[in-house]
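What follows is a short report on a single structure.
As the structure is a computational prediction, the values presented were derived from the model and not from experiment. Letters A, B, ... mirror the listed sequences (proteins, then strands); counts begin at 1.
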Amino acid sequence: MGKLCDFFHYQLMSSKSINYQFKKKLNSTLGGEAHSYCYQCGACVGDCPAAMYSVDFNPREILLQALLGDEEALTKKDSPIWNCTNCYTCYERCPQAVRPVEVIIALKNICYQKMTASPEVNQIVESVKASGRTVRITSLSDRRRKELGLGEIKSVPTDELKELFEP
Amino acid sequence: MKYAPFFGCMITVKYPQMEAAVRKTARNLGMELVDLEGFSCCPDPIFFKATDKLTWLTIAARNICIAEEAGLDMVTMCSGCTATLSEANFHLSTEPELKEKVNQRLKRIGREYKGTISVRHIVTVLRDDLGIDRVRESVKRPLGGIKVGIHYGCHLLKPSEIMRVDDPDYPTILEKLFSAIGAEIVHHEKQALCCGKACMSENIPEKMTYDVLTSLKKSGANLMGLICPTCFDEFDLGQIKLSRKYNQDLTIPILYYFQLLGLAQGLSPQEVGLHLHKTKTDQIVEKLAGSN
Ligand code: SF4
Ligand code: SF4
């Protein structure tokens, strides 16, 4: 109940009104649609490691901002969403099947479109496009494999992958 | 029993000692690994998934198609690959609209996702297909006296509705597998904590790693046993950095399950690539030699 008060409090105190446009966008992003089922119970918080280890991160608060459509807070550069460890504990705990981590990933997808995503994300995509892998093959990796009696690393048909990136 | 192995990027390129250990121990267990052509990155369930879920699902589906065409179930050796491929397989086989969207893209390269095979982390194959007894019987040199502190990692177990491996809060699968090869399991306080690798903050993963390592040290474990190269990546280098930073000995050998299984099956430390780890594993090797 206290959490629900938070919701109204937030609305009263902030000059912002609900941004329905952004909520619609979140609804049309895979995994974002369940955000509206959140009733702010906080069950996702207790065992969240990112919340345990940082006062700035709280999945319930992220969901509250999603309910309000607070685009700026959620998708700005260095948004707190990038501190999620992707552990999926909140997915287990949420009684409303919100799958908070999937909402967070949907928000990350929106950041990627807006070019506010963390730089590591872009590096990974470029690497997969170029070589089909996230880790670069070096002479050291080849030597180690040989030493262990393993075969050469097979190349990936990147021409096939390229076709799959287009919407 | 035949399976299509999916080693992924981390193991293939960065930690081939894990691949060597899996190949050598699987042979001793009577598991036939049939290598298929054309697999790419799973793709990565953290950063790649953060860009565009539909593209992520489509590239994952392409990998699954390769195994479907060969009519083989996929076995994965990394919890990250397991997460991506299992999630894709689950969503595409239960959500027809999503499958249709993915297949529209796959059509461009002459492939089609059908949903005819399963994806399994190799530890579930050991427990469910081969059986714990077969694992136990493959041991020639039981690890008597070696105390293992388990690090479960997240993606083998969660989300449980998709993974369906074990109780995500009270799992037993790894205890069973490590006990079967003669290890003594020691429980430690932070056994279920995430490795933190996916978190983009600098401080959060560092504090988590510190807590996992001190919890292990307190438990009296001789080594950390795990099943994921990404967790390994976080702890192997992490413990050296943190020991320096806190001026405290936080080092503890880390072994991938199949390396330890290999040692128990009589393979040499070189054959399972222990010398390639950053953290020294000499104590383990000496302890093993002493107990036999
Ligand atoms: S997945 Fe993210 S939000 Fe959910 S419990 Fe883990 S760290 Fe917290
Ligand atoms: S996401 Fe789920 S667990 Fe978290 S506050 Fe909302 S309803 Fe509760």
Which distance, rounded to the nearest 0.5 Å, do you find between the [atom1] of [X] and the [atom2] of [Y]?
{"X": "F47(B)", "Y": "Y112(A)", "atom1": "CZ", "atom2": "OH", "result": "13.5 Å"}
{"X": "E19(B)", "Y": "L148(A)", "atom1": "CD", "atom2": "CG", "result": "9.0 Å"}
{"X": "W56(B)", "Y": "N109(A)", "atom1": "CH2", "atom2": "CG", "result": "10.0 Å"}
{"X": "T134(A)", "Y": "I46(B)", "atom1": "OG1", "atom2": "CD1", "result": "11.5 Å"}
{"X": "T12(B)", "Y": "I137(A)", "atom1": "OG1", "atom2": "CD1", "result": "8.5 Å"}
{"X": "E87(B)", "Y": "Y88(A)", "atom1": "CD", "atom2": "OH", "result": "4.0 Å"}

Worksheet item: Among pairs that include at least one residue of residues 108-135 of chain A, which meet salt bridge (Lys or Arg N to Asp or Glu O under 4.0 Å), considering only residues two or more places apart or in two chains?
Response: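 Counting only pairs at least two positions apart or across chains, the salt bridge (Lys or Arg N to Asp or Glu O under 4.0 Å) contacts touching residues 108-135 of chain A are E71(A)-K114(A).
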Name the option with the most non-hydrogen atom pairs under 4.5 Å to chain A; the candidates are [options].
{"options": "R111(B), M208(B), K158(B), K207(B)", "answer": "K158(B)"}
{"options": "I109(B), T58(B), T51(B), I204(B)", "answer": "T51(B)"}
{"options": "P159(B), G8(B), A20(B), G153(B)", "answer": "P159(B)"}
{"options": "K197(B), E271(B), E161(B)", "answer": "E161(B)"}
{"options": "C199(B), C154(B), C41(B)", "answer": "C199(B)"}
{"options": "S201(B), G273(B), P43(B)", "answer": "S201(B)"}

Fill in: Crowding at CG, D78(A) (>12 non-hydrogen neighbours, <6.0 Å)
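Incorrect, the count does not exceed 12.
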Practice prompt. Count the heavy atoms belonging to other residues, nucleotides or ligands that lie under 6.0 Å from OH of Y37(A), then report whether that count exceeds 12.
Written response: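 For Y37(A), atom OH is not crowded (no more than 12 foreign heavy atoms under 6.0 Å).
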Does any backbone or side-chain atom of [X] lie under 4.5 Å from a heavy atom of chain B? Answer side chain, backbone, both or neither.
{"X": "Y91(A)", "result": "side chain"}
{"X": "E102(A)", "result": "both"}
{"X": "C84(A)", "result": "backbone"}
{"X": "T89(A)", "result": "both"}
{"X": "R99(A)", "result": "side chain"}
{"X": "V121(A)", "result": "both"}

For [X], is it the side chain, the backbone, both, or neither that has a heavy atom closer than 4.5 Å to a heavy atom of chain A?
{"X": "Q17(B)", "result": "both"}
{"X": "L98(B)", "result": "side chain"}
{"X": "N203(B)", "result": "neither"}
{"X": "P205(B)", "result": "neither"}
{"X": "L57(B)", "result": "side chain"}

Fill in: For chain B, the option from A106(A), P80(A), A50(A), S141(A) that forms the most heavy-atom pairs under 4.5 Å
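Max contact count across the listed options: S141(A).
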Discussion item. For chain B, which candidate among Q123(A), M52(A), E92(A) shows the most heavy-atom pairs at distances under 4.5 Å?
Written reply: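 Among the listed options, the one with the most contacts to chain B is E92(A).
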Can you find a heavy atom in the side chain of [X] that is under 4.5 Å from one in the side chain of [Y]?
{"X": "L150(A)", "Y": "F7(B)", "value": "no"}
{"X": "R62(B)", "Y": "L161(A)", "value": "yes"}
{"X": "K154(A)", "Y": "L36(B)", "value": "no"}
{"X": "M10(B)", "Y": "V135(A)", "value": "yes"}

Minimum heavy-atom separation for [X] and [Y], please, with both atom names.
{"X": "V156(A)", "Y": "F39(B)", "answer": "CG2-O, 3.5 Å"}
{"X": "S118(A)", "Y": "M200(B)", "answer": "OG-CE, 2.8 Å"}
{"X": "L164(A)", "Y": "T55(B)", "answer": "O-CG2, 4.0 Å"}
{"X": "R108(B)", "Y": "E166(A)", "answer": "NH1-O, 2.8 Å"}
{"X": "T85(A)", "Y": "C194(B)", "answer": "OG1-SG, 3.4 Å"}

Worksheet entry | Criterion salt bridge (charged side-chain N to carboxylate O under 4.0 Å, His left out) on E163(A) and K107(B), from CA distance to verdict | CA-CA 10 Å; E163(A) 297 279 337; K107(B) 214 174 179 176; over 6 Å; no
